[in-house]
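Below you'll find the structure, written out as C-alpha cells, and then a few comments.
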Protein chains: 2
Amino acid sequence: MPPPPPITNTIRRLRFDHGEMTQQELAHRIGMTRQTIAAIEQNKYSPSLEAAFRIAEVFGVEIGEVFQWKKSGP
Amino acid sequence: MPPPPPITNTIRRLRFDHGEMTQQELAHRIGMTRQTIAAIEQNKYSPSLEAAFRIAEVFGVEIGEVFQWKKSGP
DNA sequence: CCGTCATGTATATTATTTTTTACATTGATG
DNA sequence: CATCAATGTAAAAAATAATATACATGACGG
C-alpha cells in the first residue's frame, strides 16, 4: 500500500455539483476507467498531469480547483 | 520513441526569466534529476501532477502558466 | 589547448499510474 | 425478496514516468 500522496482533490464534490455525475460518466468523458476515478478520489495515488487537465476541463475549472497541493511547512 | 504528449510547457522560458536558473538547480529544488527536467522541457513525456505542482511553486506561478493543454479541436 | 559547465542523449532499471477482470456492498425500487 | 445502479476493492498486467550511469557537444575562460 503506497503512502497517500500530498495532493488532495475535490472531484467528489465537483461531480455532485455537476448534476451528480457518476464516476462512470466522468471516466468515460476523459477516456479513463471507473476504477481509476475511484482510486484518485480516494487518494490512492494522484493522476498524471494529462488526466488532471482533462478532469479540470470537464468541470470547467482550473486544475487548482480540482487538486490541492499540500506544501511542506516552513 | 513515444508520441509527444498533448501538453506543452514554458519551463525553459521560466528558467531564464528567473536568473537563468539551470536545469540542475531546478531539478535539485524539486527533488528530481537533471535528465528528467531535460526530458520534460523537450516534451518527451509530461511529469506527474506532483512534479508539476512543485515546478509551478518554484517559479511562483499557477500550473497553467507552466503547462498548456492542447485541446482537440471542435 | 585544456578544463569546466550546461545541455543533449542513450540504455537499462525501478517506480508509479492505468487498465482489465472480477467480486462485494449499499441503497433504491418493483 | 429480487434486481439494478453506483461504488469499493483487489490482484495481475500493461503503459508511462523517473532514476542512474554514461558519453557527447558547444560555449567560455584561463
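A note on names: the letters A, B, ... follow the listed sequences, proteins ahead of strands, and every chain is numbered from 1.
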Are B/D17 and B/F59 close enough, and set up right, to give a side chain to side chain contact (heavy atoms under 4.5 Å, CB included), and what steps lead you there?
-> CA-CA 9 Å; B/D17 288 352; B/F59 295 124; over 6 Å; no

Distance-only check: which donor-acceptor pairs under 3.5 Å involve side-chain atoms of residues 46-54 of chain B, not counting sequence neighbours?
from	atom 1	to	atom 2	distance (Å)
B/S46	OG	A/E50	OE2	3.3
B/S48	OG	B/A51	N	3.1
B/E50	OE2	A/S46	OG	3.3
B/R54	NE	B/I30	O	3.2

Contacts of B/R34 meeting side-chain hydrogen bond (donor to acceptor under 3.5 Å, both in side chains) (sequence neighbours excluded), chain-then-number -> none

Taken in chain and number order and not counting sequence neighbours, the residues that satisfy side-chain hydrogen bond (donor to acceptor under 3.5 Å, both in side chains) with A/T33 are A/T36

Rounding to the nearest 10°, end axes of the helix from C/dC1-D/dG30 to C/dG30-D/dC1 built from five pairs each make an angle of 30°

The correct set of residues in residues 12-28 of chain B placing a heavy atom under 4.0 Å from DNA chain D is none

Here the gap from A/N43 atom CG to A/N9 atom CG, rounded to the nearest 0.5 Å, amounts to 5.5 Å

Over 12 non-hydrogen atoms of neighbours within 6.0 angstrom of NE2 in A/H18 | yes

message: Between B/I40 and B/F67, is the side chain to side chain contact (heavy atoms under 4.5 Å, CB included) condition met? List the steps.
response: CA-CA 10 Å; B/I40 293 169; B/F67 300 95; 4.2 Å; yes

Applying salt bridge (charged side-chain N to carboxylate O under 4.0 Å, His left out) to B/R12 and not counting sequence neighbours gives none

Hits for salt bridge (charged side-chain N to carboxylate O under 4.0 Å, His left out) against B/R15, two or more places apart or cross-chain, chain-then-number order -> B/E41

Applying side chain to side chain contact (heavy atoms under 4.5 Å, CB included), can you list everything that pairs with [X], at least two apart in sequence or on another chain?
X: A/A39; result: A/K44, A/Y45
X: B/E62; result: B/E65
X: A/E25; result: A/M21, A/T22, A/R29

Nucleotides 11-14 of chain D: which of its N/O atoms have a protein N/O under 3.5 Å away?
none

Atom CD of B/E41 and atom P of D/dA17 are separated, to the nearest Å, by 16 Å

Separation of D/dA17 atom C1' from B/N43 atom CG, nearest Å, is 14 Å

Report task. Check whether any side-chain nitrogen or oxygen of A/K44 sits under 4.0 Å from OP1 or OP2 of D/dT9, and answer yes or no. Result -> yes

- prompt: When you look at B/I55 and B/I63, which way does the side chain to side chain contact (heavy atoms under 4.5 Å, CB included) test go after all the steps?
  reply: CA-CA 8 Å; B/I55 292 170; B/I63 283 200; over 6 Å; no

Protein-nucleotides 18-25 of chain D N/O pairs closer than 3.5 Å?
from	atom 1	to	atom 2	distance (Å)
D/dA18	OP1	B/S48	N	2.8
D/dA18	OP1	B/S48	OG	3.3
D/dT19	OP2	B/T33	N	3.3
D/dT19	OP2	B/T33	OG1	3.2
D/dT19	OP2	B/T36	OG1	2.3
D/dT21	O4	B/Q35	NE2	2.5
D/dA22	N6	B/Q35	NE2	3.1

